Amino acid sequence: MLNKLKSLVQFYEDNYRHESLERFQFYEAYSFNGNVKINNIYIKNIWPESWEIGNTKGIYAIFHHEELLYIGKASQQPIGKRLSAHFQHSEDKSYARPTGVWSKDPTHFVAWGVPDDSFFEASSLEEFLIHNLKKYLPDNTVGKLCY
């Protein structure tokens, strides 16, 4: 599912953005608990312990192993701040547990940062992805029924 998501972001950039604009920045997977293995490889980044994109705005995709659960945006505040609305991290920041109800236990997320001067693109990209992936998003409720 990650490859499908990457392909859709690439399609969006190639077809809906001017070629002179700065490309979106992809950020590799961050685990919520440090024990996540995808395709027989452990995810090395743990949110928020090894957080490197603290002030980045953009979109994020939350997974249960290889299954996509949710796509969200952070256009008015950084991605880390938005994730804090969905997850509470331990005091030592070595793991995070979900707040709220999820269809399955979230294991990790990936993100795409948008250029600072076009933070508003996060909203458009999020809607595009939800529209194209709605049948794979059990935990997105807003936006799925509009199309």
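What you see is a predicted model, and the numbers here were worked out from it, not measured in a lab.
- Proximity of Phe128 to Tyr16: side-chain heavy atoms (C-beta onward) are separated by under 4.5 Å at one or more points.
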Pair Leu133-Lys4, side chain to side chain contact (heavy atoms under 4.5 Å, CB included): steps then yes or no: CA-CA 9 Å; Leu133 296 169; Lys4 184 175 185 71; 3.7 Å; yes
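- Heavy-atom minimum distance, Ser123 versus Ser75: OG-OG, 3.7 Å.
- When ring centroids are compared, Phe109 and Tyr70 stay outside the 6.0 Å threshold.
- No donor-acceptor distance shorter than 3.5 angstrom exists from the side chain of Gln88 to the backbone of Pro98, with no hydrogens or angles considered.
- With respect to Arg97 and Asp105, no salt bridge is recorded, no charged nitrogen being found less than 4.0 Å from a carboxylate O.
- Between Trp102 and Phe87, the ring planes lie parallel to each other; the angle is under 30°, not in the 30° to 60° tilted range.
- Atom CD1 in Ile46 sits 9.5 Å away from atom OG in Ser90 (nearest 0.5 Å).
- Side-chain N or O atoms of Ser118 include none that pairs as donor or acceptor with a backbone N or O of Val114 at under 3.5 Å.
- Residues Val36 and Val110 do not share a hydrophobic cluster, defined by chaining ILVMFWY side chains whose heavy atoms lie under 4.5 Å apart.
- When the side chains of ILVMFWY residues are joined at heavy-atom separations under 4.5 Å, either directly or via intervening members, Tyr27 and Phe119 end up in two distinct hydrophobic clusters.
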Step-by-step side chain to side chain contact (heavy atoms under 4.5 Å, CB included) determination, Leu83 to Ile62: CA-CA 10 Å; Leu83 285 170; Ile62 297 173; 4.3 Å; yes
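- Ring pair Trp47/His108: centre-to-centre distance not below 6.0 Å.
- Under a hydrophobic clustering in which Ile, Leu, Val, Met, Phe, Trp and Tyr are joined whenever their side-chain heavy atoms come within less than 4.5 Å, directly or via other members, Met1 and Ile59 fall into the same cluster.
- Atom-to-atom distance recorded for Ile71:CD1 and Tyr136:OH is 12.0 Å, nearest 0.5 angstrom.
- Using a 4.5 Å heavy-atom threshold, the side chains of Pro78 and Asn55 count as touching.
- Glu126 places none of its side-chain heavy atoms less than 4.5 Å from the side chain of Trp112.
- By the criterion of side-chain heavy atoms lying less than 4.5 angstrom apart, applied directly or through intervening Ile, Leu, Val, Met, Phe, Trp or Tyr residues, Leu21 is not grouped with Leu129; the two fall into different hydrophobic clusters.
- Interatomic distance, NE2 of His65 versus CD of Glu67, reported as 10.0 Å (0.5 Å rounding).
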Steps toward side chain to side chain contact (heavy atoms under 4.5 Å, CB included) verdict (Leu125, Phe24): CA-CA 10 Å; Leu125 179 58; Phe24 298 144; 3.8 Å; yes
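- Salt bridge status for Glu121 with Lys57: absent, with no side-chain N to carboxylate O gap under 4.0 Å.
- With a 6.0 Å radius and a threshold of 12 heavy atoms from other residues, nucleotides or ligands, Asp116 has its CG atom at or below the threshold.
- At a cut-off of 3.5 Å, with distance as the only test, a side-chain donor of Ser124 or Tyr12 sits close to an acceptor on the other residue.
- Within the 4.5 Å cutoff, side-chain heavy atoms of Leu2 are placed close to those of Phe63.
- Annotation: cation-pi pair Lys6/Phe26 present, NZ/CZ under 6.0 Å from the ring centroid and within 45° of its normal.
- Residues Ile79 and Arg82 have side chains not in contact (no heavy-atom distance under 4.5 Å, counting atoms from C-beta outward).
- Taking the side chain as every heavy atom from C-beta outward, Asn45 and Ser31 never approach each other to under 4.5 Å.
- What you find for Ala29 and Ile43 is that their closest heavy atoms are O-CG2, 3.3 Å.
- Heavy atoms only, all atoms of each residue included: Thr99 and Ala85 are closest at OG1-O, 3.3 Å.
- In the hydrophobic cluster analysis, where Ile, Leu, Val, Met, Phe, Trp and Tyr join through side-chain heavy atoms closer than 4.5 angstrom, Leu137 is grouped together with Phe11.
- Within the 4.5 Å cutoff, side-chain heavy atoms of Ile38 are placed close to those of Glu66.
- The side-chain heavy atoms of His86 and Tyr60, taken from C-beta on, include a pair separated by under 4.5 Å.
- Note that CG of Asn140 and CD1 of Ile130 are 4.5 Å apart. Values are rounded to the nearest 0.5 Å.
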